[in-house]
Amino acid sequence: MTKKIEASIPCFGHNANEETAGFNKRNSWNREDTLDEKYLEFLAPHSRKYFSRLRPIFSFEIKSLTSLNAFSHVLLRDGVLHLLKFFQRFPSPKGLISKIIIDEEFEPLVPDSWKERIFYFKIRGKKEGPLKENLFLFLTFSKYQHTDDSIIQLNEILNSVKGNVFVTTSLNILRGEDYLDYDRSQAFRMSDSLFKGREVDFVGLHKLGGLISEYRESSSFLNFNPYKYWFSDSFVNHYYLNQGISNIELPDKKNNESMNIDLGPYHSMSIHRGGKHINAELKKLLFDDFQFPSGEFFNDQGNGDRNIDDYFKVFYTQNKFEKMAQVIAQKLYGENKENVR
């Protein structure tokens, strides 16, 4: 099986090097536009580029499926929202030669028409294990990112930390949409719930390097992303892992039918064909109830006008779609929410 994966996802060799070099010259085949800029900025620093032979990209950056055919494979860094939008934009892989790699936990979101084109990834740290004495916490505040249940979950983790808690935060609002109905108080309520009566050190990105050097061996990190709504593959994870900080998530058993690609001295990505994450209840909700990706619910969903050079007028997803994706994300990770229809 591993050899079959290597044949489908060739990461080494002359042709692979040429493909990767071409992929990294993004503007030559996929020029960045207003919509790209708006969402990449919103997702920063998670959206920062990093080098990988797996060719990471967010699906909202893809203008057409055939533009990917210069590459044997690409990896989608999407969270639940943008992955669902990708399959809604492209209900089938018609005309696509490339393979698509997505987070392994998103397997229940894949339409039947796409299954043969999809591979799955999992990030593996070589120093993973239980929570150590100190914790580096990266906390992102944005709409749909957190719920009361997720705050309770994070509180439990913080209560188990015996040493220092170093907190780095990100509060981003989509450029041009800051006048809309955002609940800006969420970040303050969540901070009060998490940090009231608890000693934590708030650290800017520019100061992380020095602290990591001092506390590397006695620390774990957590990039808190409970529903993977906006992103799955974050630059922040790669940053911490490359510094030798361990993720507090315990690794599952290594799959002998997977291919490992090293991304640095301390971590890699494991690529496999799926079959690990089955969620019959979620699949019924998504494909039977919503009739994803081509049901009536999705008929009026636009894809954003990329010809408009105005951040106030570029909307990639509509509110109804975003709320549907929130329901799916929470169902994917075990929460029961009311249908949004």
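Here the structure is a predicted model, which is why all the values come from computation and not from measurement.
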Partners passing salt bridge (Lys or Arg N to Asp or Glu O under 4.0 Å) against [X] (at least two apart in sequence or in another chain):
{"X": "Lys63", "value": "Asp36"}
{"X": "Lys313", "value": "none"}
{"X": "Arg31", "value": "none"}
{"X": "Lys115", "value": "Asp112"}

Residue list, side chain to side chain donor-acceptor pair (under 3.5 Å) with [X], at least two apart or on another chain:
{"X": "Asn242", "answer": "none"}
{"X": "Tyr144", "answer": "Asn319, Glu322"}
{"X": "His206", "answer": "none"}
{"X": "Asn159", "answer": "Arg198"}

Which salt bridge (charged side-chain N to carboxylate O under 4.0 Å, His left out) pairs, counting each pair once, include a residue from [range], with sequence neighbours left out?
{"range": "residues 65-82", "result": "Arg77-Asp233"}
{"range": "residues 199-209", "result": "none"}
{"range": "residues 210-221", "result": "Lys127-Glu217"}

Name the orientation class of the two ring planes belonging to [X] and [Y] (parallel below 30°, tilted from 30 to 60°, perpendicular beyond 60°).
{"X": "Phe60", "Y": "Tyr39", "value": "tilted"}
{"X": "Tyr215", "Y": "Phe136", "value": "perpendicular"}
{"X": "Trp114", "Y": "Phe86", "value": "tilted"}
{"X": "His146", "Y": "Phe224", "value": "parallel"}

With sequence neighbours excluded, what pairs up with Glu19 under the side-chain contact (heavy atoms from CB on, under 4.5 Å) test?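 Glu19 satisfies side-chain contact (heavy atoms from CB on, under 4.5 Å) with Arg55, Phe71, Ser72 once adjacent residues are dropped.
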Answer yes if the ring centres of Phe298 and Phe292 are under 6.0 angstrom apart, and no otherwise.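 Yes; Phe292 has its ring centre under 6.0 Å from that of Phe298.
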Phe290 ring center within less than 6.0 Å of Phe297 ring center: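 That pair passes the under 6.0 Å test.
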Would you call Lys331 and Glu281 a salt bridge, using N to O less than 4.0 angstrom?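 The answer is yes: the pair qualifies as a salt bridge.
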